[in-house]
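Below is one structure, written out as structure tokens; the observations come after it.
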Amino acid sequence: MATTLLVQSRFFNNSNYTPENAPLKQLNIPMTRNPGVETRSRSSNRTRLRKNPSKPSKTVIEPGTLTLTRALQSLVDSGSMDGAVSLFDKINCLDTYIWNVMIRGFTNNGLFREAVDFYRRMERGGFRADNFTYPFVIKACGGLLWSSGGEMVHAKLFKCGLDWDVYVCNSLIVMYMKVGCVECAERVFDEMPVRDLVSWNSMISGYHIVGDGMSSLMYFKEMQKHGMRHDRFSVISSLGASSSERCLKSGKEIHCQAIKSRLEMDVMVQTSLIDMYSKCGNVEYADRVFCRIFSRNVVAWNAMIGGYVLNAHFFESFTCLKKMQEDDKLSPDAITMINLLPSCAQLGALMEGKSIHGYAIRKGFLSHLVVETALVDMYGRCGELKMAECIFESMTEKNLVSWNAMIAAYTQNGQNKKALKLFQDLWSKSHEPLIPDAITFASVLPAYAEIATLGEGRQIHALISKLGLVSNTFISNSIVYMYAKCGDLHIARKLFDGILCKDVISWNVIIMAYAIHGLAKISIQLFNEMREKGVNPNGSTFVSLLSSCSISGMVDEGWDYFNSMRRDYGIEPGIEHYGCMIDLLGRGGNLDQAKHFIEEMSLLPTAKIWGSLLTASRKNNDIVSAEFAARHILSFEHDNTGCYVLLSNMYAEAGRWEDVERIKGLMEKEGLEKTVSCSVVEKNGKAHQFINQDSSPNKLHMIYTVSDILSRKIGEDIYVHTVTKFRPQNLLRKRSKSPPNHSVRLAISFGLISTNIGDPVLVRNNTRICEDCHNAAKKISEITQRELIVGDPKVFHHFRNGHCSCGDYW
DNA sequence: CAGGAATGTG
């Protein structure tokens, strides 16, 4: 029982599948695909071999008998190279044939280094390598990705006149393709006096290996023109090329050829067909081929399961797993899990994911680099960040994909600081230096957008340019959004204008950029421009657009777009659209309408929806509605700090001190602490951080002085707040917590004295700005005649001449 | 007296 992969039965409606009646153990677990295990066994072989390279033996076996070579061959064929080496050492009359057996043995067992070593020893010993030796030596060079070694051997071939041997040339083609030297392979192929089927197949598979599927398909056609009949290898390779080129048409053609040449019932051909049809998006055809397979093996099942996952048929992928275990009594292997884990991630099926994890542990599939990476990804997407971290840290070997998965797990779960930290570790702490790729940046840029300073944003932008990844539209979109979120809307726009291939996301991002800066008119303008350019809006476009209307208080326009999305574009409103609408209604001050709207919604309200109602209640000073919203939020997220704090502030303003205490008690019980407000200002590219009533460094004295002067200048009496907002008996204690000492104010003061007169002051804040600071900032912008830009987690406030771009609703 | 090249699922 313990060896069977349990998948919880909740996916299978009328299933009686339980752990108890699950198929029993199948013990043949192929481990050969486990790179970790393979490497280790190889290296242990290597060390053992090196310890006793050629131990002189007393028992000298007389040559001349066939039995000796036969024995050596059977050792080599069974993979016991240790035994072969010790037998070899006892032979005192060597010949080329015996050397060839050894070299073949090493190469076929993946011991390429040893194969090359033996080849060298052979030559030094005065034995002539022949046409049988070279194919193995060349294959070993290919296996080591050692192109210069391969070239040296190639040069030798001319001397001994073996450069025309078909077998040798075919090996050369494969070797050159493997090391990526397409031109060399082509030259060998072109200059061959005689080409056989393997020569053609090697070209077809070689082009597929280097990622040139089109050439691969071309050679498949070309070989028929040359009167060369294809075999299963030609079909398998060219089907692989069709898959990687997503070319259903050529795939179908090859399928027809395979039927004509009676290859369609070959399991490997069928598996390749399943893969091709799935990758070309036609999972129905894949299923049809699968049903025709006579005897299905794990590879075929895996291809089918992978096909379902690739085409987002997640439930079917699990049904398939169940059938594989029950009908064919086959055990899932590492690849089955690698296929299924993304399915769990997509379905949010944490139980199934954990079950796969447990199975992997029991079967000894850990550590398997790809399985572990898939687990990190799955746990990250299911919100189990701790588990993702735990697996990532335990991994003995990590590649770039693993790092990318962990970085993405952090950003997806809002752990932006950790994401940035890990991204930096990628340079310093990864085993061999890893160069981040497009996926890395796609994963880390959202974290930069949330918490980076403009200077840090510029740095990452420079790095991306240096690595030549700016032409990637996906990355460009993220950069545009990052600049907008870091406060530089102008650069964001400039970069957006420069994107050559704008996709719908590019437009969504720029509409959102103007939204968060409170410029809904431009958002709408861009939306119209997008439609004129023939780009079809999607659901996210309307999230951007509705957000823009709600942030800028354009209630009527918001309603128009909300109604239009279904009517004119056939897009059903999702939960995010409803959220925007509640913000919009709250902004209009109509709380009852907002509540009614939530009731009427076709979707179940989430914590975020109630959060919008809470914000609206706060803005409209409606404690009853706020309590109503808060109750719902806390039923989803009992640890929602923001919800407690907001409610507590409302009670405090109403003078309901018992309730303030009650909330305080609740928070203590939950072990929650109020988020420390933190504001960041940059000076000469260096970030300066401030927290409420910051008292750390001495230089702050001057900033407090500036803050006090500003406070008095704008006619703000610090005692006024304390009297109206806080309990009289706590007046002295609360004085230090009064708004003039809030982090935003310190940051603004610092910004004003450390930037050039006339330049705007940019502040980033991790919490929403309070009403007093908002009022103060408006006045400060007026008396100093400076633009103050304060970004909070949702919007940017542009304070200019005593007004704020948010229209006093945020 | 013998031995050689190419292949499907992440």
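Computed over heavy atoms, backbone and side chain alike; hydrogens, waters and symmetry mates excluded. Note on naming: letters A, B, ... go to the chains in the order of the sequence lines (proteins, then strands), and numbering restarts at 1 for each one.
When the nucleotides B:dT7, B:dA2, B:dA5 are ranked by their closest atom to the side chain of A:Tyr97, B:dA2 comes out on top. The side chain of A:Val198 sits closest to B:dA6 out of B:dG3, B:dA6, B:dG10. In this structure, of B:dA5, B:dA6, B:dT7, it is B:dA5 that holds the atom nearest to the side chain of A:Pro135. The listed nucleotides are B:dG4, B:dT9, B:dA6; the one nearest the side chain of A:Val174 is B:dA6. With distances taken from any side-chain atom of A:Ser171 to the nucleotides B:dA5, B:dT9, B:dG4, the minimum falls on B:dA5. You'll find that the side chain of A:Ser202 is closest to B:dA6, out of B:dA5, B:dA6, B:dT7. Closest to the side chain of A:Val370, from the set B:dG4, B:dT7, B:dG10, is B:dG10. Here the nucleotide nearest the side chain of A:Val168, chosen from B:dT7, B:dG4, B:dA6, is B:dG4. Closest approach to the A:Arg232 side chain among B:dT9, B:dT7, B:dG10 is made by B:dT7 (side chain taken as heavy atoms from C-beta onward). Of the candidates B:dG10, B:dT7, B:dT9, the closest approach to any side-chain atom of A:Phe233 belongs to B:dT7.
Note that A:Arg121 lies in the cation-pi zone of A:Phe118, set by a 6.0 Å cut-off to the ring centre and a 45° limit from the axis.
Side-chain atoms of A:Asn170 stay outside donor-acceptor range of the base of B:dG4, with no qualifying N/O pair under 3.5 Å.
At a threshold of 4.0 angstrom between heavy atoms, the contacts of A:Asp130 include nucleobase atoms, whether or not backbone atoms are also involved. Using a 4.0 Å heavy-atom cutoff across all strands shown, A:Asn100 reaches at least one base atom of the nucleic acid. Within 4.0 Å (heavy atoms only), A:Val267 reaches at least one base atom of the nucleic acid. Note on A:Asp266: nothing from the nucleic acid sits closer than 4.0 angstrom, heavy atoms only. Among the protein residues, A:Phe136 comes within range of the sugar-phosphate backbone only, with heavy atoms under 4.0 Å from sugar or phosphate atoms but none that close to a base.
Within 6.0 Å of CZ in A:Phe158 there are more than 12 heavy atoms belonging to other residues, nucleotides or ligands. Within 6.0 Å of CZ in A:Phe127 there are more than 12 heavy atoms belonging to other residues, nucleotides or ligands.
Across every non-hydrogen atom of A:Met102 and A:Met81, the tightest pair is O-CE, 3.9 Å.
Just one of A:Leu422, A:Asp437, A:Val444 meets the side chain to side chain contact (heavy atoms under 4.5 Å, CB included) condition when paired with A:Asn404; it is A:Asp437.
Stacking here means ring centres nearer than 5.5 Å and ring planes tilted less than 30 degrees, and by that measure A:Phe132 stacks onto B:dG3. B:dG4 has its base stacked against the ring of A:Tyr167, the centroids being under 5.5 angstrom apart at an interplanar angle below 30°.
Side chains of A:Tyr308 and A:Asp287 form a contact here, defined as non-hydrogen atoms less than 4.5 Å apart.
Here the C1' atom of nucleotide B:dG8 and the CD1 atom of A:Ile335 are 11 Å apart, to the nearest Å.
Relative ring orientation between A:Trp403 and A:Phe392 is described as perpendicular, the plane-to-plane angle rising above 60° on a 0-90° scale split at 30° and 60°. Ring geometry for A:Tyr219 versus A:Trp200: interplanar angle of 30 to 60°, hence tilted.
For the 3.5 Å distance criterion, the side chains of A:Asp130 and A:Thr133 qualify, holding a donor opposite an acceptor. Under the 3.5 Å distance criterion, with hydrogens and angles disregarded, no donor-acceptor pair is assigned to the side chains of A:Asn302 and A:Asn339.
Of the residues in residues 399-411 of chain A, none lies under 4.0 Å from DNA chain B by heavy-atom distance. Less than 4.0 Å separates DNA chain B from no heavy atom of any residue of residues 285-295 of chain A.
Under 4.0 angstrom from either OP1 or OP2 of B:dA6 there lies at least one side-chain N or O belonging to A:Lys139. Residue A:Lys279 places none of its side-chain N or O atoms closer than 4.0 Å to OP1 or OP2 of B:dG8.
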